[in-house]
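Since the structure comes first, as structure tokens, the remarks are kept for the end.
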Amino acid sequence: MGGQRGRLIPSDQRQLAIALIQEAVAAGARQHKACEVLDISARTYHRWRDQQHSLDTLEDQRQTVLRTPANRLTEAERQQIMAVCNQPDYQDLPPSQIVPKLADTGQYLASESTFYRILKTAEQLHHRGRAKSPKTVAKPEGYRATGPNQVYTWDITYLATTVKGRFYYLYLVEDIFSRKIVGWEVHDKESADHTSQLIDQIALRERHAPAQVLHSDNGSPMKGATMLATLQRLGIVPSFSRPSVSNDNPDSESLFRTLKYAPKYPIRPFEGLADARQWVDDLANWYNGEHRHSGIRFVTPNQRHQGEDQAILQQRQALYLEARQKNPQRWAGNIRDWRYTEAVWLNLPKDIRAQN
């Protein structure tokens with residue numbers, strides 16, 4: 001029995017230990033010395049002996065008690081979550097997109113972490129979506145937006161064609177407050193003239209100067225004379241990434257990443273400009289009208305841009321409060337944070353990030 005201190009000891013060994021200690025004490029040994037030989041404390045021996053005298057069991061209760069968490073899902077609830085996740089509308093989405101969409105239809109099944117845990121157990125988590133792990137990048141000085149049409153960011157990305165070595169160029173402008181794609185064009189070459197025309201179109205569509213700040217990379221289409229003249233005419237301040245930093249335009253990069261890993265992204269290259277433009281039009285409509293963006297509490301960019309997100313978030317808050325009241329044992333802490341995001345930063349400055 002040496003070395004058993006602090007470990008689980010079967011009841012038959014406890015009976016033997018009591019008998020040996022009593023025999024040693026009867027032969028003249030000190031009780032605490034006899035306990036040390038068996039590597040147990042005198043207090044443990046007294047407890048075992050008292051349990052024996054009071055007819056209580058000597059079985060270690062830690063071996064026999066099986067505790068089931070009060071908030072554990074039933075098998076039927078787990079199967080329901082799996083069934084929902086594999087429906088056509090949700091089978092290509094991660095739980096971070098599924099849970100808000102269910103909330104908007106008045107359904108609460110479980111928390112987002114529970115969805116992830118159930119999918120992981122079913123070995124379905126790594127099959128859902130094509131996104132890769134994000135990379136941490138340095139950020140330059142930033143701009144703060146408290147409403148739509150204040151700060152835009154834009155960039156150009158390549159679209160593959162059926163001709164090897166030839167690409168189409170997707171010009172994409174995003175409002176950082178709402179994450180809405182406010183304008184796009186697809187051309188067969190890079191040009192500051194194309195960008196200038198796109199900014200003019202956005203200004204007409206938004207019915208005023210499109211933004212106070214327009215951020216971009218340092219490429220020639222971004223800094224061309226025609227482009228800078230257009231910004232000056234519209235009263236827009238140009239902002240550029242730092243030459244020494246490879247990724248100072250993270251919002252546009254993140255947008256391109258979301259679009260290119262979306263389920264609708266084509267597998268084959270584009271055969272012509274018309275095909276590419278049609279695809280971008282469809283994808284922009286999906287992104288603005290259906291995609292729940294994580295940076296704005298999982299509402300769509302259109303809802304955020306049009307000011308509808310506050311009512312949606314309040315409805316989600318009420319739904320979660322009601323769900324906790326109906327089944328409080330399922331909640332270990334506070335409900336999910338559905339508070340309205342009042343301000344958004346483009347490249348949050350380090351000093352402000354440190355304060356948060």
Side-chain angles (χ1 to χ4, degrees), residues 81 83-109 112 115-116 119 124-125 127-132 134 145 147-149 152-155 157 159 170-186 202 205-206 251-267 270 275-317 319-320 336-338 340-341 344:
I81 290 174
V84 169
C85 290
N86 286 283
Q87 290 178 3
D89 291 343
Y90 302 113
Q91 62 185 5
D92 295 318
L93 300 177
S96 61
Q97 296 284 329
I98 296 174
V99 171
K101 293 190 73 171
L102 290 174
D104 290 346
T105 62
Q107 297 183 71
Y108 177 82
L109 300 181
E112 182 177 315
F115 270 71
Y116 274 108
L119 288 174
Q124 288 194 22
L125 191 58
H127 294 299
R128 311 182 69 83
R130 303 167 57 197
K132 300 177 182 178
N149 299 316
Y152 287 175
T153 179
W154 81 280
D155 203 351
T157 191
L159 300 178
L170 170 58
Y171 299 64
L172 209 59
V173 183
E174 178 187 21
D175 186 313
I176 71 159
F177 177 79
S178 64
R179 303 304 204 274
K180 179 182 178 180
I181 298 174
V182 292
W184 63 267
E185 289 286 351
V186 179
I202 296 172
R205 188 160 49 247
E206 296 295 332
D251 290 87
S252 289
E253 295 294 335
S254 176
L255 174 58
F256 287 146
R257 177 177 176 272
T258 299
L259 298 182
K260 290 189 175 183
Y261 282 104
K264 297 180 180 291
Y265 192 81
I267 299 176
F270 296 104
D275 294 334
R277 287 167 178 166
Q278 183 60 55
W279 169 77
V280 175
D281 184 56
D282 293 342
L283 196 63
N285 289 332
W286 165 82
Y287 178 84
N288 286 339
E290 298 183 34
H291 174 70
R292 266 72 174 176
H293 199 294
S294 62
I296 51 177
R297 293 285 192 266
F298 293 97
V299 298
T300 67
N302 277 344
Q303 291 169 338
R304 174 78 162 172
H305 203 77
Q306 297 164 8
E308 301 171 355
D309 56 328
Q310 294 193 49
I312 293 172
L313 295 175
Q314 289 174 0
Q315 182 271 331
R316 292 180 186 175
Q317 182 87 358
L319 175 68
Y320 271 55
R336 181 167 179 169
D337 185 6
W338 291 120
Y340 172 74
T341 304
V344 177

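In this structure, Leu255 and Thr153 have side chains that are not in contact, with every pair of non-hydrogen atoms separated by 4.5 Å or more. Side-chain contact between Leu313 and Val299 is present, with heavy atoms from C-beta onward closer than 4.5 Å. Residues Leu172 and Leu259 are in side-chain contact: their nearest non-hydrogen atoms beyond the backbone lie under 4.5 Å apart. Taking the side chain as every heavy atom from C-beta outward, Asn302 and Glu308 never approach each other to under 4.5 Å. Side-chain contact check for Leu319 versus Gln107: every heavy-atom pair is 4.5 Å or farther apart. The shortest distance between side-chain heavy atoms of Arg205 and Val182 does not fall below 4.5 Å. Residues Asp281 and Trp184 are in side-chain contact: their nearest non-hydrogen atoms beyond the backbone lie under 4.5 Å apart. Counting only heavy atoms from C-beta outward, the side chains of His305 and Asn288 never approach each other to under 4.5 Å.
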| message | Checking Asp251 against Arg179 for the side chain to side chain contact (heavy atoms under 4.5 Å, CB included) test, could you report, in this order, the C-alpha distance in whole Å, the side-chain angles of both residues, the deciding distance, and whether it holds? | response | CA-CA 9 Å; Asp251 290 87; Arg179 303 304 204 274; 4.2 Å; yes
| said: Using side chain to side chain contact (heavy atoms under 4.5 Å, CB included), reason through Lys180 and Thr300 one step at a time and then give a plain yes or no. | reply: CA-CA 8 Å; Lys180 179 182 178 180; Thr300 67; over 6 Å; no
| message | Quick one, His293 with Thr258, criterion side chain to side chain contact (heavy atoms under 4.5 Å, CB included). Give me CA distance, side-chain angles, the key distance, then yes/no. | response | CA-CA 10 Å; His293 199 294; Thr258 299; 5.8 Å; no
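A donor-acceptor contact shorter than 3.5 Å links the side chain of Asp175 to the backbone of Asn149.
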Would you list the atom pairs, donor with acceptor, under 3.5 Å between side chains in residues 94-103 and any protein atom, with sequence neighbours excluded?
residue	atom	partner	partner atom	Å
Gln97	OE1	Arg292	N	3.2
Gln97	NE2	Arg292	O	2.5

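Taking both residues in full, the closest heavy atoms of Gly295 and Thr341 are given as O-OG1, 4.4 Å, listed atom of the first, atom of the second, then distance. Residues Ile296 and Phe177 share a closest heavy-atom pair of CG2-O, 3.7 Å.
The line from CD of Gln303 to CD of Glu290 is 11.0 Å long, rounded to the nearest 0.5 Å. Here the straight-line distance linking atom CG of Leu283 with atom NZ of Lys260 works out to 11.0 Å at 0.5 Å rounding. With rounding to the nearest 0.5 Å, the separation of CZ in Arg257 from CD in Glu253 is 11.0 Å. Expressed to the nearest 0.5 Å, how far CH2 of Trp286 lies from CD1 of Ile181 amounts to 9.0 Å. Separation of atoms CG (Leu119) and CD1 (Ile81) is listed at 8.5 Å; rounding is to 0.5 Å. Note: Tyr108 OH to Arg336 CZ = 9.5 Å, rounded to the nearest 0.5 Å.
Cation-pi geometry between Arg297 and Tyr340 is not met: the NZ or CZ atom fails to fall both under 6.0 Å from the ring centre and inside 45° of the normal.
Taking the six-membered ring for Trp and thresholds of 30 and 60 degrees, Trp279 and Phe270 have ring planes inclined between 30 and 60 degrees apart.
By the 4.0 Å N-to-carboxylate-O rule, Arg304 lies close enough to Asp309 to be salt-bridged with it.
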